[in-house]
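Residue numbers begin at 1 in each chain, while the letters A, B, ... track the order of the sequences.
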Amino acid sequence: MNFERLYDVLKATYGNLGKWWPGDKEEILITAVLTQSTNWKNVEYAMENIYKLTNKERLLDFLYKLPKDELANLIKPAGFFNIKAQRLKNLLEFFKKYNFDLDTISREENLRDKLLKIKGIGKETADSILLYVFEKPVFVVDAYTKRILNRIYNLKLEDYDEIQELFYKYYPKDVQLYQEFHGLIVEHAKRYCRKKPLCDSCFFHKCAYFTSPFLTY
DNA sequence: ATCCCGAAAT
DNA sequence: ATTTCTGGAT
């Protein structure tokens, strides 16, 4: 199967995921950190704890003012809570400089580089924020993306930027497309393309469009 | 390569 | 009981 058809096949399989990342912009900002190497259910538990003490309108300002150890206690179910509490503090400190005005931040030059300077915000988290919060046409690369490229196309790429360029080369820079594409990749990886792959029931295993000679699963 | 961490998924 | 989770820093 041609790489440029991957999106259509995934979409035909899993349907319309739309924006896929749940929550409003302020919420996505927080969950982008909480979900680092953590399953989504535990992120929901952490957000539930937070919303016992505040509401969506005051979310960012509330977390900014909350002492770090209290924040760590709230987000405990999300794991890595001490590190993530510090990372959220670092992130919120950056946003505080703009009075949490997302529209102003969105207009900043070299926003990706500015996000990457925040300790605890790596390429994947930065790009997730750019794509789902600021709605920039940035493709998010994650471990699932690497796994799927490896298993379906035998592309053993490790470099983040190189993988990102691959998607930019074959797909138009479109926010809706990238938002849904990343979601489709995650959903497919969670359901079938796991570390221990479920190839027997995987769609790609007997996909009529699949013609790669490098099928490894 | 290892640490950070709890909890779901298997 | 063990593995894995919408990573990043050291």
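The side chain of A:F80 sits closest to B:dC4 out of B:dA8, B:dG6, B:dC4. For A:Q36, counting side-chain heavy atoms from C-beta on, the closest listed nucleotide (B:dG6, C:dC5, C:dG8) is C:dG8. Among C:dG7, C:dT6, C:dT4, the nucleotide with an atom closest to any side-chain atom of A:S37 is C:dG7.
By the 5.5 Å and 30° criteria, A:Y144 is not stacked with the base of C:dT6.
Rounded to whole Å, atom P of B:dG6 lies 11 Å from atom CG of A:N73. Across the protein-nucleic acid pair, A:K41 atom NZ and C:dC5 atom P stand 18 Å apart, rounded to whole Å. Here the C1' atom of nucleotide B:dA7 and the CG atom of A:N49 are 13 Å apart, to the nearest Å. The distance between atom CD of A:E124 and atom P of C:dG7, rounded to the nearest whole Å, is 5 Å. Summarising the geometry, the separation between NZ on A:K119 and P on B:dC4 is reported as 17 Å, rounded to the nearest angstrom. The separation between A:N39 atom CG and C:dG7 atom P is 10 Å, rounded to whole Å. Between A:L198 atom CG and B:dA9 atom P the separation is 15 Å, expressed in whole Å. As a whole-Å value, the separation of A:Y45 OH from B:dA7 C1' is 8 Å.
A:D161 and A:K123 make their closest contact through OD2-NZ, 2.9 Å (heavy atoms, listed as atom of the first residue, atom of the second, distance).
The pair A:K41-A:E44 meets the salt-bridge criterion, since a charged nitrogen lies less than 4.0 angstrom from a carboxylate oxygen.
With values rounded to the nearest 0.5 angstrom, A:W21 atom CH2 is found 7.5 Å from A:I28 atom CD1.
Taking the side chain as every heavy atom from C-beta outward, A:R112 and A:K136 never approach each other to under 4.5 Å.
Checked against the 6.0 Å centroid criterion, the rings of A:F181 and A:F139 qualify as a close aromatic pair. Taking the six-membered ring for Trp and the full ring otherwise, A:Y51 and A:F62 have centroids separated by 6.0 Å or more.
Relative orientation of the A:Y192 and A:H188 rings is tilted, given thresholds of 30° and 60° on the angle between their planes.
Proximity of a side-chain donor or acceptor of A:N16 to a complementary backbone N or O of A:G18 within less than 3.5 Å is not detected.
Here the separation of B:dC4 from C:dT4, taken at their C1' atoms, is 15 Å to the nearest Å. Between B:dA7 and C:dG8, the two P atoms lie 23 Å apart (nearest whole Å). Between B:dT2 and C:dT6, the two C1' atoms lie 22 Å apart (nearest whole Å).
Within 4.0 Å (heavy atoms only), A:D142 reaches no atom of the nucleic acid at all. The residue A:R191 sits apart from the nucleic acid: no heavy atom pair falls under 4.0 Å. Across all strands, A:I121 comes closer than 4.0 Å only to sugar-phosphate atoms, never to a base (heavy-atom distances). Within the 4.0 angstrom heavy-atom criterion, only backbone atoms of the sugar-phosphate kind lie near A:T125; the bases stay farther away.
Nearest-nucleotide positions on DNA chain B for A:R194 and A:A78 put A:A78 closer to the 5' end. Residue whose closest nucleotide on DNA chain C sits further toward the 5' end, between A:S128 and A:I118: A:S128. Two residues, A:G120 and A:E187, neighbour DNA chain C, and the one matched to the more 5' nucleotide by heavy-atom proximity is A:E187.
In this structure, A:E93 places its CD atom where only 12 or fewer heavy-atom neighbours from other residues, nucleotides or ligands lie under 6.0 Å away. The local environment of NZ in A:K119 is sparse, with at most 12 non-hydrogen atoms from other residues, nucleotides or ligands closer than 6.0 Å.
In terms of phosphate contacts, A:K196 brings no side-chain nitrogen or oxygen within less than 4.0 Å of OP1 or OP2 of B:dA9.
Geometrically, A:K173 engages A:Y168 in a cation-pi contact, judged by NZ or CZ lying under 6.0 Å from the ring centre and within 45° of the ring axis.
Residues of residues 167-174 of chain A that place a heavy atom closer than 4.0 Å to DNA chain C do not occur. The stretch residues 81-98 of chain A comes close to DNA chain B through A:F81, A:N82, A:I83, each having a heavy atom under 4.0 Å from the strand.
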